[in-house]
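Below, each value reflects all heavy atoms present in this structure, side chains not excepted, and no hydrogens, waters or symmetry copies.
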Amino acid sequence: MLPIDAAAHSSRWRHRHPVDKAVLGLGLTVLAISLPPWPGAALVLLTALAVLLGPAGVPGRRLWRAYRVPLGFCVTGALPLLVQVGGPGGFVTLAEGGPVRAGELLLRTSAASLGVLLFAFTTPMSDLLPRLVKAGVPAPVVDVALVTYRMSFLLLDSVRRIREAQAARLGHTTRAATWRSLAGLGATAFVRAFDRAARLQTGLAGRGYDGTLRVLVPEARISARFTVAAVALLTAVATLTFVLDSSWKGR
């Protein structure tokens with residue numbers, strides 16, 4: 001199980017309905033991309049951090065391990081705005097207003113990423129995917145997503161076991177041995193993936209599979225109090241953004 005999935009299963013909000021958490025997490029994401037970068041996205045970022053580390057109870061170290069990957073993409077996407085190619089100054093020069101645009105983009109994307117992580121860290125996929133059928137998503141699409149989600153963990157577990165076996169047999173002592181082990185890892189994982197898929201198909205056929213996977217979904221009700229509080233928090237962030245923005249522009 002991936003760390004973010006383990007955190008979602010042990011979250012304080014684990015038994016809340018996904019709609020409750022979607023209103024808050026995805027609402028913060030929408031505010032991050034729609035409000036002015038400053039101070040809107042900055043306020044969204046601080047709010048998401050406060051909720052994640054506070055009421056949601058996400059450990060800071062685990063949050064950083066998951067957040068540093070999208071943050072790296074955010075930084076990589078913002079860096080090109082600092083320079084321009086061509087022009088009278090030379091082939092590559094600093095762009096006029098580049099730092100401001102890069103900072104705004106970094107604020108927007110990093111805040112939006114935290115909003116998505118807020119939903120991911122509190123909502124296991126096993127709770128979300130089966131409920132998508134009631135939301136209008138075709139059942140075969142949900143079934144494929146469920147099987148892919150399950151198979152991905154089995155494949156990662158197989159890769160981990162193969163790497164451990166190769167390391168125990170000194171398969172990573174030299175560069176040449178590492179490349180041979182990597183090739184063997186890919187070939188073995190490929191064969192095992194097809195073998196597991198065939199066994200899964202045989203097992204489903206033996207259990208009378210009729211085109212729909214039926215799974216037990218934990219009972220949960222949409223909390224009106226939680227939803228109202230989330231909407232109130234989003235409204236407060238948006239209102240504070242416009243108040244601060246208008247006051248700074250008036251100076």
Side-chain angles (χ1 to χ4, degrees), residues 4 7-8 11-14 16-84 94-123 128 135 220-251:
I4 193 169
S11 171
R12 295 176 184 173
W13 294 350
R14 162 72 169 79
R16 290 194 176 276
H17 198 280
V19 171
D20 295 341
K21 295 169 283 189
V23 171
L24 179 57
L26 302 185
L28 288 172
T29 301
V30 172
L31 289 182
I33 62 178
S34 58
L35 292 176
W38 180 264
L43 290 175
V44 171
L45 190 147
L46 293 176
T47 303
L49 275 178
V51 174
L52 279 164
L53 300 176
V58 178
R61 181 175 299 180
R62 186 171 292 181
L63 174 61
W64 168 245
R65 290 182 61 185
Y67 184 50
R68 63 186 179 184
V69 176
L71 184 61
F73 282 101
C74 296
V75 173
T76 304
L79 286 178
L81 297 179
L82 297 175
V83 298
Q84 64 180 5
L94 292 177
E96 184 179 355
V100 175
R101 290 194 295 269
E104 291 177 349
L105 179 62
L106 183 59
L107 272 177
R108 284 190 186 277
T109 53
S110 57
S113 300
L114 275 179
V116 175
L117 285 178
L118 173 59
F119 182 74
F121 264 106
T122 55
T123 309
L128 176 63
R221 295 182 178 180
I222 299 177
S223 173
R225 180 179 300 177
F226 187 92
T227 305
V228 169
V231 173
L233 179 61
L234 297 175
T235 305
V237 171
T239 303
L240 182 59
T241 298
F242 289 119
V243 170
L244 293 177
D245 187 55
S246 60
S247 63
W248 288 338
K249 288 182 179 179
R251 292 181 180 180

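Rounded to the nearest 0.5 angstrom, Leu28 CG and Leu24 CG are separated by 5.0 Å. The structure places CG of Leu71 at 6.5 Å from CG of Leu106, a figure rounded to the nearest 0.5 Å. Note that OG of Ser110 and OH of Tyr67 are 4.0 Å apart. Values are rounded to the nearest 0.5 Å. Distance check, rounded to the nearest 0.5 Å: CG of Leu52 to OG of Ser11 gives 9.0 Å. Atoms OG1 and NE2, from Thr123 and His17 in turn, are 10.5 Å apart once rounded to the nearest 0.5 Å.
Put simply, the side chain of Arg68 never gets that close to the backbone of Leu63: no donor and acceptor are under 3.5 Å apart. No donor-acceptor distance shorter than 3.5 angstrom exists from the side chain of Arg16 to the backbone of Thr122, with no hydrogens or angles considered.
Listed by chain and residue number, nothing satisfies the ring-ring contact (aromatic ring centres under 6.0 Å, His included) test with Phe119 (two or more places apart in sequence, or in another chain).
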* Go through the steps for Thr227 and Asp20 under the test side-chain hydrogen bond (donor to acceptor under 3.5 Å, both in side chains), then give the verdict. => CA-CA 6 Å; Thr227 305; Asp20 295 341; 3.1 Å; yes
* Asked: Can Leu118 and Leu114 be said to form a side chain to side chain contact (heavy atoms under 4.5 Å, CB included), step by step?
  -> CA-CA 6 Å; Leu118 173 59; Leu114 275 179; over 6 Å; no
* Given side chain to side chain contact (heavy atoms under 4.5 Å, CB included), test Val51 with Leu233 step by step and report yes or no. => CA-CA 11 Å; Val51 174; Leu233 179 61; 4.2 Å; yes
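Taking every heavy atom of both residues into account, Ala112 and Ile33 meet most closely at CB-CG2, 4.1 Å. Nearest approach of Leu107 to Pro37, heavy atoms of both residues: CD1-O, 3.6 Å. Across all non-hydrogen atoms, the minimal contact from Pro55 to Ala50 is CD-O, 3.5 Å. Annotation for Val23 and Ala230: closest pair CG1-CB, 4.1 Å, computed over non-hydrogen atoms. Across all their heavy atoms, Ala78 and Ala102 have their closest contact at O-CB, 3.4 Å. Minimum heavy-atom separation, Ser34 to Arg108: N-NH1, 3.8 Å.
Leu35 places a side-chain heavy atom less than 4.5 Å from the side chain of Phe242.
The side-chain contact (heavy atoms from CB on, under 4.5 Å) with Leu31 is formed by just one residue from the set Thr47, Leu234, Leu43, Thr241; it is Leu234. Considering Val83, Leu81, Leu82 as possible partners of Leu79, the one that fulfils the side-chain contact (heavy atoms from CB on, under 4.5 Å) test is Leu82.
Proximity of the aromatic rings of Trp13 and Phe121 is defined here by a centroid distance below 6.0 angstrom, and this criterion is not met.
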